[in-house]
Each structure stands twice: as C-alpha cells, then as structure tokens.
Amino acid sequence: MTATTEFLAMLIDNSTVPADVFRTLALASVREHLDKLCSRDDLTLDFALPPRLCSKALVQQLPPLPLAEPDAAPYPDYLRRLLIAAERRTHGGGLEVHALAEYALQDWPGLLECFQTLFEQNPGIASEPLIMALRNLGGVTAMGLASRMQEYLNHSHCEPLSADACVNDVLRWSARYFRYAIGAFERHAEPDDAIGRSFARWVVAQQNRIIQSEYDWRVVARTVDEELSAGNLVILCVIDALGAIHMDLVELELRQRLVDQSAPIIKPLFAPLPTITEIGKIGVLTGRDRPTPSTGYESALRERFADHLSAPGALQIVKSWRDFRQALSPQTRLLVCLDNRVDDDLHQCTEFRLHRERVRTVAAQLADLIAGWLLDAARFGVKATILITADHGATKVSRSSVPLPGAVPIERRLLQVSAAPEPVPEGYAYVAAGSQAGGWLIPHGRVSFGSTANLLHGGLTPEEVLIPFILIAQGAAQSLFALHLTPAEARCHAATKGWHATLCLMNSANETFFNLKAVAKYPFAGESQAIARLNPYETEPRIILNLTASIEQQGKTRVPFDLRYQPGDGAPFQTLAFELDLELGVHLIESTMAASDFNNFFDL
C-alpha cells in the first residue's frame with residue numbers, strides 16, 4: 001500500500017507528466033539493479049550514483065521498463081564500467097561467467113558493443129544464461145551476439161581421439177578440435193592435455209597409414225612434379241609455421257580475392273616429424289624423408305625436379321615477400337617463395353588472438369600476390385598452378401618441464417638425443433634422425449623445456465602437426481574445391497548395352513554434400529545411384545554406372561560427366577563438369593564379327 005500511494009502521488013503531482021513519471025521509475029529501476037550487482041559481485045564503485053527519486057519498495061514492484069540509451073544517462077556508462085570490472089573477475093575464478101547475464105539489462109547499443117568486444121577478447125564469457133538474457137532483449141544486435149555465443153558453446157568441447165581411428169576420421173575430428181582449441185586459446189586457456197596426448201599417440205603409431213593416404217606431406221612434392229610434367233608454371237609458397245588451425249583465415253581471404261579467377265582445393269596434411277623448420281621445410285619442398293638440411297634449398301630442388309629445371313632461369317627461390325611479385329619471369333618453371341613472417345611473429349607474440357590477426361594479414365597479402373601471378377602467367381601464355389603449404393604449425397603451452405638427463409632441448413618443445421633410448425621413456429615418442437645417429441624425443445604432453453612466454457613448435461599437438469595444402473590452378477574453377485570425380489578403373493568392361501564404368505568420388509574439404517549423382521553427357525548416357533551424403537574428407541571408392549552411347553565408341557575416349565549435388569541439405573542443386581579418360585572395351589559380338597570378316601577374307 002505504501003508503494004501504491006507513492007506511485008499515485010507521483011501521477012497526480014501537477015508538476016509532472018506521465019512520460020516523466022515513466023522515465024523516473026525506469027531510471028530508479030536501473031539504479032537499483034546497479035546497486036544489486038555491486039553488492040552481489042563485490043564490485044567497488046569508482047563513481048557516485050545519482051540520488052534515489054523513489055523508494056526501494058516501489059522499485060521492487062516495477063516490471064521491466066524499456067528506456068532508450070540517451071534517455072538513461074548516466075547509467076549506461078556506469079553499467080559498461082561495471083561489466084568490464086566483472087569480466088576481469090571471471091579470469092581468476094573470482095566470479096562465475098554466468099553471473100554476467102544479469103548485466104544484459106537493456107537493449108542499449110553501447111552496452112551490446114561492450115559485450116561484443118569482451119566476447120571477441122574472451123569467448124569464455126559465453127554461457128547459456130547470458131545467451132538467454134540477450135535473446136530476451138529482442139534486438140537485432142542482441143540476437144546476433146546470442147547466436148555467435150551459442151555457436152561458440154556448441155564447439156567448446158572436443159572428445160579425445162580414438163586410437164584405432166582411420167585418417168579420414170582424424171581429419172574430421174581435427175575440424176572439431178581446431179574450433180575447440182581456438183576458443184581455449186582466445187580465452188587464455190589451453191585444450192585439455194588428455195586430448196592432445198590422444199592425438200600424439202595416434203600420429204606416432206599410424207605413420208604408415210598416413211604415408212599411404214592423400215594427406216601426407218609428401219603430396220606437395222608429388223603435386224609439383226605432376227604439374228611440371230604437364231607443362232605448367234608452378235608457384236610453391238611455403239609459409240613457415242602456418243598451421244592448419246589457421247586454414248579458415250587463408251581460405252576466407254582467397255575466396256574473397258579470387259572469386260572470379262579460380263577455386264582452391266583446400267585440405268590439411270600431416271607435417272614431417274619432428275615439427276621443426278630444419279626438418280620440415282626442406283622435407284616438404286623435396287618430398288624426401290629426413291633430408292640433410294646442409295644440402296641447401298637450390299641443390300635439393302634441382303636434384304628432386306631435375307627433369308624440369310635444366311633451362312636457365314627455370315628455378316627461382318625468393319625468401320623476401322617484398323620480392324615475390326617481381327620474381328616471376330617468362331623463363332620461370334618453378335618459383336619457390338619462402339615466407340617467414342608468421343614464424344617470426346611466434347618469437348614475439350604472447351596472445352594467440354593477436355597471432356591470428358597476423359596470419360590474416362599475411363593471407364590477405366598472399367591473396368593479392370596470387371591474383372597478380374595468375375595475370376602474369378596469362379600474359380606469358382602459360383597455365384599457372386599455385387601451391388600454398390607450410391613446414392609445421394605452432395601452439396601455446398604454459399607448463400614447463402625439466403629435460404631428461406643427457407638430452408638437449410630443441411625449440412623448447414623436444415629433446416635431441418645421441419642414440420635411440422631403450423626403452424623409450426614413458427610419455428615420449430622417439431623419432432630417428434635417418435642417416436644421422438640418434439634422433440629426437442618428443443613429449444606427448446603440452447610442456448615446454450624452458451620459457452613459455454611465446455608460441456612454440458616442435459611437439460605433437462594437432463596445431464603443430466597439421467599443415468594446410470591449398471592448390472589453385474587456372475582453368476579449374478569448374479571443379480569445386482572439395483569434390484573430385486576420377487576413374488576408379490581406367491578400363492570400362494563391355495556390358496550387354498554399353499559399358500560398366502567404375503568411378504571414384506572424393507570430398508577433400510571440411511564440408512558435407514548431399515544427394516550426389518554422376519551423369520554422363522552427350523553422346524553418352526547413364527547415371528549413377530544417388531549418394532545421399534558425402535561427409536568431410538570422405539571417399540566413395542566404387543561408383544558403378546552403366547554407360548551407353550548413341551554413336552559408336554571404342555578405345556581410349558574422353559567421356560564428359562556432370563556431377564550433380566546439393567551444397568546443403570535442402571539447398572538448390574548445383575552441377576560440376578568433369579571429363580574423364582576411359583578405355584571403352586570392345587563388345588564380344590563386335591569382336592566375333594570382326595574375326596569372322598577377317599577369316600572370310602582368306603576364303604577362296
């Protein structure tokens with residue numbers, strides 16, 4: 001009754017209008033909320049609040065009263081300052097992150113901008129209560145921020161890797177792990193050590209399986225060899241320390257810059273072990289296992305690709321990104337660009353988020369260079385193939401460890417030993433040095449042998465081991481970056497009508513495609529059964545279809561196909577064109593008639 005009397009007195013006061021009463025009550029409600037937050041979260045005010053203009057008893061009976069940000073001054077500024085102080089308290093565990101939901105008080109642009117900035121700096125502030133509070137505000141900005149936070153929460157965990165996983169399973173798992181790891185690093189935390197150990201044990205135990213796959217680092221040199229053999233100009237960019245965890249940034253920049261020129265093929269590769277520059281870089285360049293670093297890049301490349309680099313000026317090696325653009329000439333067959341900017345940043349950078357920004361800058365500049373190279377190649381009258389890869393990645397560790405007796409720390413992430421230990425110490429993997437004596441002991445865990453101030457490499461975490469493979473070829477825009485249709489068997493055996501063709505369909509990117517079907521084009525006919533779903537990095541090795549022709553065909557023939565698919569479940573159908581060289585076998589009846597005609601030739 002007291003509150004009701006006070007409210008009626010405000011309304012019948014001749015000096016106020018109802019709109020002023022509403023604003024007074026709304027401001028009083030906001031002020032009371034600030035008081036409650038300070039008391040609950042033990043926050044000390046560095047500013048003075050305006051005096052109360054109505055009683056607590058009245059305010060406590062009020063429903064939420066919306067108020068525009070300019071009309072609420074000075075409270076929006078006070079609330080932002082309290083929010084920043086509360087977010088800082090969550091870092092040390094002094095305040096649970098879900099408590100920040102109470103700070104989403106009104107749909108004020110300044111307040112939402114503050115939430116957004118804090119979330120970008122520390123994604124760990126996301127919580128289900130905060131998402132619900134933002135959605136209750138109802139504004140476009142609030143709903144968008146709530147969606148981003150929900151997406152983050154959906155990817156804020158990752159299960160350990162199964163020891164018997166196949167390579168494709170590991171690559172699908174790595175996509176989840178990278179989303180999880182990026183979130184952990186950006187909130188100044190680290191992925192669960194048990195998850196990293198599960199990957200470390202798998203990657204050491206499954207080296208034979210990795211080598212036999214299309215995701216081994218030796219694929220880079222094989223691709224260079226194939227493209228040189230096809231008469232193409234090859235530009236190979238090896239970006240030191242560019243882990244596959246940053247592949248999303250590079251892909252985004254390439255797609256924005258090269259949208260009208262070529263579609264890239266993008267997939268992760270397993271790097272050489274150990275993940276250090278002196279092993280990885282020359283290994284990736286040449287495809288040779290454990291090469292001797294003292295050989296030098298030029299002599300190693302000339303030896304590896306001797307059949308293609310005999311002409312003067314055929315090989316160009318550039319180590320300064322400022323000279324990349326000018327290095328290409330009409331005589332160039334293989335241009336190798338060694339970019340160390342990302343690696344140089346590791347030795348200075350302490351925050352993973354800032355390191356990601358550096359990678360984004362390098363990727364944007366590289367995309368501009370590629371656009372220029374493609375134009376230069378067209379001007380020279382040659383087809384260009386551009387490859388982007390790395391020697392290893394990098395990670396952040398906060399736990400230091402003491403080196404084993406007799407071992408020498410290398411890159412603060414592994415130990416060099418003069419002989420193979422027997423047995424290998426628990427929690428370590430041993431990698432032999434090849435032709436040299438001894439090798440390296442690499443810890444399964446996320447530890448450093450020395451300072452942990454900067455980003456490091458040399459270990460066995462996914463962000464150190466998995467590197468990007470990006471292939472950009474002129475004239476390949478019609479073949480989507482992910483989908484590749486190839487003959488599983490070059491020879492098509494004759495059927496009653498036509499031939500049996502066996503094709504292979506591979507998805508080499510982290511995307512899912514639906515309702516895929518291979519359809520032969522004129523003068524051929526025939527279509528495969530529909531594939532309901534093709535998951536990331538999945539392969540359908542034997543797609544069998546009955547191929548017929550309206551015009552007589554025989555022998556080695558280029559057969560055109562359309563690959564129809566949906567890029568998303570329920571999305572419109574799209575089509576890719578492929579031309580496959582197939583050996584069309586002779587039909588038995590035709591062969592018999594031909595033999596009969598040949599024999600009749602000799603009859604008298």
Minimum-distance pair of heavy atoms, taken over all atoms of Leu485 and Leu580: O-CD2, 3.3 Å
Flag, side chain of Arg360 to backbone of Leu249, donor-acceptor distance under 3.5 Å: no
Of all pairs that satisfy side-chain hydrogen bond (donor to acceptor under 3.5 Å, both in side chains), the ones with a partner from residues 163-173, not counting sequence neighbours: Ser162-Asp164, Asp169-Arg172
Salt-bridge contact Glu190-Arg399 (side-chain N to carboxylate O under 4.0 Å): no
Close side-chain approach of Asp240 and Leu338, heavy atoms under 4.5 Å: no
Whether Lys383 side chain and Ala230 backbone form a donor-acceptor pair below 3.5 Å: no
Close side-chain approach of Phe449 to Pro443, heavy-atom, < 4.5 Å: yes
Thr389 (side chain) donor-acceptor with Pro468 (main chain) under 3.5 angstrom: yes
N/O donor-acceptor pair under 3.5 Å between Thr332 side chain and Leu335 backbone: no
Salt bridge (Lys or Arg N to Asp or Glu O under 4.0 Å) contacts in which one or both residues fall within residues 327-342, not counting sequence neighbours: Asp339-Arg341
From Arg356 atom CZ to Cys349 atom SG, the distance as rounded to the nearest 0.5 Å: 12.0 Å
Salt bridge (Lys or Arg N to Asp or Glu O under 4.0 Å): pairs with one or both residues in residues 319-330, sequence neighbours excluded: Arg325-Asp376
Under 3.5 Å donor-acceptor, Asn232 side chain and Val234 backbone: no
Ion pair check, Glu464 and Arg413, cut-off under 4.0 Å: yes
Side-chain heavy-atom pair Trp373, Phe324 within 4.5 angstrom cut-off: yes
Heavy-atom side-chain proximity of Ile410 to Leu415 below 4.5 angstrom: no
Donor-acceptor contact present, side-chain Trp440 to main-chain Pro274, <3.5 Å: no
Student check: side-chain heavy atoms of Leu387 and Ile470 closer than 4.5 Å: no
Any side-chain donor near an acceptor of the partner, Asn122 and His188, under 3.5 Å: no
Heavy-atom side-chain proximity of Leu516 to Leu505 below 4.5 angstrom: yes
Backbone N/O of Thr275 and side chain of His457: donor-acceptor pair under 3.5 Å: yes
Contact summary for Ala390 and Val284, nearest pair of heavy atoms: O-CG2, 3.6 Å
Nearest heavy atoms of Ile125 and Met149, plus distance in Å: CD1-CE, 4.1 Å
Salt bridge (Lys or Arg N to Asp or Glu O under 4.0 Å): pairs with one or both residues in residues 195-215, sequence neighbours excluded: Asp193-Arg197
Salt bridge (Lys or Arg N to Asp or Glu O under 4.0 Å) contacts touching residues 304-318 (sequence neighbours left out): Asp225-Arg304
Carboxylate-amine/guanidinium proximity below 4.0 Å for Arg353 and Glu357: no
Sub-4.5 Å side-chain heavy-atom contact between Leu456 and Val397: yes
Tyr537 six-ring centre to Lys267 NZ/CZ under 6.0 Å and within 45° of normal: no
Student check: side-chain heavy atoms of Phe270 and Val170 closer than 4.5 Å: yes
Lys/Arg N to Asp/Glu carboxylate O, Glu463 vs Arg446, below 4.0 Å: yes
For residues 417-429, which side-chain donor-acceptor pairs fall under 3.5 Å, sequence neighbours excluded?
none

Non-hydrogen atoms of Thr512 and Pro536 that approach each other most closely: OG1-CD, 3.3 Å
Donor-acceptor under 3.5 Å (Thr286 side chain, Ile282 main chain): yes
